[in-house]
Amino acid sequence: MKGQWRDWGLAGKLLWLIAGIFMAGCAGPGRTTALPREDLAVPDIQSRIYAYPQQGQSATQQDRDYYECYLWAADQSGFDPSSPVLAPHQRVTVAMEPAPGRDTAVGAVTGGVLGAVVSGPRHSGEGFIVGAVAGALLGAVSDGARQEQAAALQDRQDEQVRQYNAALERRAADYRRALKACLTGRGYRVR
C-alpha cells in the first residue's frame, strides 16, 4: 500500500489534490441574511398645509371641512399621512453567512491535508504547502463570489427603498394638491 502512491505519478497526485479541494468546496455557498439597517433615510414627508377661513366658518365647521377634505384627498391620492411610512424594522441590510474568509481558511486546511496525503511520506511538508496554497486560492475565489453576490443583493434592496421613497413622495405631493383644492373649494385660503 505504501508504494502505491509512488505509482500514481505527479499528474495522479495533482488530480487527487484538485478533486479533494473541490470536494471541500461542496459544503454549500452559504446564505445571505437581511438585518436591520439604520442608515437608510426615511423621507420627511410634508403633508401639513395651512388653511385660513375666508367666509367666517366656525371652528366646528373648519374641523369638519378639514376632515372631509382629508378623507377625499387620501382617497384621490392613495396617500394617508396618518399611516406609518417606513418602519425601522423594514430597513434591511444584507449580511453574508458564513463569515467572509471562511472558504479561504477551509480551502487552505483541506488543500494542505490533501496535499500532504497525496504527496507521500517523504514530501508531505511540501505537499501540505502546495495544497494549502491551492486550496486557499480556490477558497478566496469562493469568498469573493459570495461577497459580490451580497453586494449586488444589497444594491437591489437599496434601489427598491429609493423607488419606494420616491413613489411615496409623489403620492404625498398629490395628497397636498388634492387637499388644497378641496379646502379652496370650501372657501379657505390655503398655503
Side-chain angles (χ1 to χ4, degrees), residues 22 24-107 137-191:
F22 279 113
C26 290
R31 64 178 198 239
T32 54
T33 304
L35 299 173
R37 184 163 178 181
E38 301 300 326
D39 63 338
L40 287 178
V42 176
D44 183 24
I45 305 294
Q46 298 296 325
S47 59
R48 172 159 269 178
I49 63 167
Y50 298 94
Y52 305 96
Q54 291 193 323
Q55 299 172 352
Q57 296 95 327
S58 68
T60 303
Q61 183 64 40
Q62 290 176 34
D63 288 343
R64 183 177 180 170
D65 287 342
Y66 185 81
Y67 180 71
E68 288 174 359
C69 286
Y70 153 77
L71 291 176
W72 182 80
D75 184 55
Q76 295 298 308
S77 65
F79 177 81
D80 185 351
S82 65
S83 68
V85 179
L86 185 62
H89 71 277
Q90 292 174 314
R91 292 176 253 152
V92 298
T93 188
V94 177
M96 296 186 320
E97 289 182 359
R102 186 213 57 153
D103 289 351
T104 303
V106 168
L137 289 174
L138 288 173
V141 168
S142 175
D143 280 335
R146 188 175 296 117
Q147 287 175 343
E148 286 177 17
Q149 180 186 18
L153 187 59
Q154 183 66 58
D155 290 344
R156 282 194 303 271
Q157 183 70 28
D158 290 347
E159 182 57 30
Q160 287 175 350
V161 169
R162 280 190 285 280
Q163 289 175 1
Y164 175 81
N165 288 344
L168 190 63
E169 183 57 46
R170 282 191 301 274
R171 287 196 319 265
D174 291 345
Y175 168 82
R176 288 188 299 270
R177 279 192 295 278
L179 187 60
K180 287 178 184 180
C182 181
L183 289 171
T184 301
R186 290 181 182 227
Y188 294 86
R189 185 168 52 116
V190 181
R191 288 190 185 195

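Starting from 1, each residue takes its place in the sequence as its number.
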Tightest non-hydrogen contact, residues L179 and Y70, listed as CD1-N, 3.6 Å
How long is the gap from CZ on R176 to CZ on F79, to the nearest 0.5 Å? 7.5 Å
Report yes or no: do Y175 and D80 form a side-chain donor-acceptor pair below 3.5 Å? no
E159/R156 salt bridge by N-O under 4.0 Å criterion: no
Could you give the distance from CD (E169) to CG (D174), rounded to the nearest 0.5 Å? 10.0 Å
Holding to salt bridge (Lys or Arg N to Asp or Glu O under 4.0 Å), I want the full list of residues that pass it with D63, two or more places apart in sequence or in another chain. none
Within the 4.5 Å heavy-atom criterion, are D158 and Q154 side-chain neighbours or not? yes
Which pair of heavy atoms, one from Q62 and one from P53, lies closest together, and at what distance? NE2-CG, 3.2 Å
Please find the pair of heavy atoms, one from Y188 and one from Q61, that lie closest to each other, and give the distance. OH-O, 3.8 Å
Do Q57 and R186 touch side chain to side chain, with heavy atoms closer than 4.5 Å? no
To the closest 0.5 Å, what do you measure between OH (Y50) and CZ (R191)? 11.5 Å
Name the one of I49, V190, L183 that satisfies side chain to side chain contact (heavy atoms under 4.5 Å, CB included) with C69? L183
Do D143 and R146 sit within salt-bridge range, that is, some charged N less than 4.0 Å from a carboxylate O? yes
